[in-house]
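Right, one structure below, let's go through it.
Keep in mind the model is a prediction, meaning the values are calculated, not measured.
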Amino acid sequence: MADHYEVLGVEKTATTDEIKKAYRKLARELHPDVNPTPDASERFKDVTHAYDVLSDATQRQQYDQGGSQGFGGAQGFGGFSDIFETFFGGNAGGGGSGAAPRSRKERGGDALLRVEVELDEVVFGTKREMEINTAVLCETCDGSCCAPGTRPVVCDICHGSGQIQRAVRSLLGNIMTSSPCGTCRGFGTVIPNPCPTCAGQGRVRATRKMKVDIPAGVDTGLRLQLQGQGEVGPAGGPNGDLFLEIKVRHHDIFSRNGDDILATVEVPMVDAILGTKVTLTSLDGDVPLDIKAGTQSAEVITVKDRGITKLRGTGRGDLKIGIQVVTPTKLNGKEREIVENFGKVYSAPPPYFAQFQQGLFAKLRDRFLNV
Ligand SMILES: [Zn+2]
Ligand SMILES: [Zn+2]
């Protein structure tokens, strides 16, 4: 750690006034709002810390004698206020870190948008053009918050530290506490001429148009995180994130179970008995379907890889088709005669309680609970 006197560029014999003058001069050069380089910000902290110590008679005396007793010397502990802050989480008196003023730049807020998509858009993914009402960088001041051609100036009250130090009497004796400077609100600088466009905020509200890729396989309730697409922060701070909350609209025919698509096909009794081949139109085109002779109600035909493209991993789910055999409800005289004649030659037992079939109910559940 550099010597506090060297940091401020003053002699060891310097008066309090000389120390104050030296500090003000350096603060004007190095304050983060005036000089945004990381190097300057580090030096500013050192300079402020050195000033904190040397401007206080007691702390200066301790420092001159080789640091605070009992706390390992000067290394990292310049004076009482630092020790106090170390004990109390660096937030003594509700202020900041003491040495560093608060930055005007802050991260912008996150935003949430709800998006409704159709089930067929989920099969392969889709694109959406969206309008969001958000905060964007002020183009007049480019986030500096100052009217064009002007700059922030170091606060006269706290001399750029953003903190006001006060001695408070307590059971332990006098304790130095710091609280944010009321004049500059802890920034260490004030803006004499705020940007007229953004009223000194560095950002303005605007409607932004954007194209969004919605990947295949999304489901209701999923939140897509678009990093850096939220609001820009105050004074041009980094953007927050944009979250898109997905809602998949109800479809009258097709439903979904994970990456599988479920549907019901009604098959006339005669086709179920004799079997048939048909072509049906699913969400992504034609599906040839082979209905075998003797197909029963509640049977499920699985068409591989015709479900939803997986959001994570590769490949697609399946299309699962539940069969519903349709028994005729109205027969004309001739049809009735044929069925009656068929009944005379077809040998089948009368209705009876059959053996419990776990599989049948599992299939029924599969078809109806997920619809
Ligand atoms: Zn502006
Ligand atoms: Zn101030």
side-chain contact (heavy atoms from CB on, under 4.5 Å) between L222 and L311, intermediate numbers included: CA-CA 11 Å; L222 182 94; L311 180 62; 4.1 Å; yes
Is there a path from [X] to [Y] through hydrophobic residues (I, L, V, M, F, W, Y) whose side chains come within less than 4.5 Å of each other?
{"X": "V300", "Y": "V326", "value": "no"}
{"X": "V122", "Y": "V287", "value": "yes"}
{"X": "V53", "Y": "V10", "value": "yes"}
{"X": "F124", "Y": "I253", "value": "yes"}
{"X": "V136", "Y": "V212", "value": "no"}

If you count the non-hydrogen atoms of other residues, nucleotides and ligands that lie under 6.0 Å from [atom1] in [X], is the total more than 12?
{"X": "E340", "atom1": "CD", "value": "yes"}
{"X": "E29", "atom1": "CD", "value": "yes"}
{"X": "N133", "atom1": "CG", "value": "yes"}
{"X": "R249", "atom1": "CZ", "value": "yes"}
{"X": "K20", "atom1": "NZ", "value": "no"}

Determine yes or no for a side-chain-to-main-chain donor-acceptor pair under 3.5 angstrom, with [X] supplying the side chain and [Y] the backbone.
{"X": "E335", "Y": "N332", "answer": "yes"}
{"X": "Y23", "Y": "H159", "answer": "yes"}
{"X": "S55", "Y": "Y51", "answer": "yes"}
{"X": "E18", "Y": "T15", "answer": "yes"}
{"X": "T281", "Y": "D286", "answer": "no"}
{"X": "N239", "Y": "G230", "answer": "yes"}
{"X": "R223", "Y": "L112", "answer": "no"}
{"X": "R102", "Y": "R185", "answer": "yes"}

Closest approach of [X] to [Y] (non-hydrogen atoms, all atoms of both residues):
{"X": "T140", "Y": "P148", "value": "CG2-CG, 3.9 Å"}
{"X": "A22", "Y": "L8", "value": "CB-O, 3.5 Å"}
{"X": "F254", "Y": "L119", "value": "O-CD2, 3.5 Å"}
{"X": "Q201", "Y": "C145", "value": "C-SG, 3.8 Å"}
{"X": "P194", "Y": "A199", "value": "CB-C, 4.3 Å"}
{"X": "I308", "Y": "G217", "value": "CG2-CA, 3.5 Å"}

Derivation of the side-chain contact (heavy atoms from CB on, under 4.5 Å) call for T58 and M176: CA-CA 11 Å; T58 318; M176 293 301 291; over 6 Å; no
Euclidean distance, [Y] [atom2] relative to [X] [atom1], rounded to 0.5 Å:
{"X": "L137", "Y": "C141", "atom1": "CG", "atom2": "SG", "answer": "7.0 Å"}
{"X": "D284", "Y": "R306", "atom1": "CG", "atom2": "CZ", "answer": "4.0 Å"}
{"X": "Q324", "Y": "E266", "atom1": "CD", "atom2": "CD", "answer": "6.0 Å"}
{"X": "L113", "Y": "M130", "atom1": "CG", "atom2": "CE", "answer": "5.0 Å"}
{"X": "T302", "Y": "D260", "atom1": "OG1", "atom2": "CG", "answer": "8.0 Å"}
{"X": "N257", "Y": "K320", "atom1": "CG", "atom2": "NZ", "answer": "7.0 Å"}

Sidechain N-carboxylate O distance under 4.0 Å for [X], [Y]:
{"X": "D52", "Y": "K45", "value": "no"}
{"X": "R205", "Y": "E231", "value": "yes"}
{"X": "D3", "Y": "K12", "value": "yes"}

Which residue is it: [options]? I am looking for the one with a side chain to side chain contact (heavy atoms under 4.5 Å, CB included) to [X].
{"X": "V248", "options": "R256, E121, E116, E118", "value": "R256"}
{"X": "V303", "options": "D318, L280, L319", "value": "L319"}
{"X": "V115", "options": "L244, L224, T126", "value": "L244"}

Derivation and outcome, salt bridge (Lys or Arg N to Asp or Glu O under 4.0 Å), residues D305 and R316: CA-CA 5 Å; D305 303 327; R316 295 175 63 179; over 6 Å; no
Any side-chain donor near an acceptor of the partner, R104 and T189, under 3.5 Å: yes
Donor-acceptor side-chain pairing of R60 and Y5 below 3.5 angstrom: yes
Hey, does [Y] have a side-chain heavy atom less than 4.5 Å from the side chain of [X]?
{"X": "C195", "Y": "S144", "value": "no"}
{"X": "V7", "Y": "H49", "value": "no"}
{"X": "V278", "Y": "I291", "value": "yes"}
{"X": "I261", "Y": "V123", "value": "yes"}
{"X": "I323", "Y": "V325", "value": "yes"}
{"X": "D241", "Y": "R107", "value": "yes"}
{"X": "H250", "Y": "D252", "value": "yes"}
{"X": "R128", "Y": "V117", "value": "yes"}

Verdict with reasoning, Q229 to T134, per side-chain contact (heavy atoms from CB on, under 4.5 Å): CA-CA 9 Å; Q229 300 285 342; T134 185; over 6 Å; no
Parallel, tilted or perpendicular, as decided by the 30° and 60° cut-offs, for the rings of Y63 and H4: parallel
Residues C198, R203; criterion side-chain contact (heavy atoms from CB on, under 4.5 Å); working and verdict: CA-CA 6 Å; C198 62; R203 57 179 185 167; 6.0 Å; no
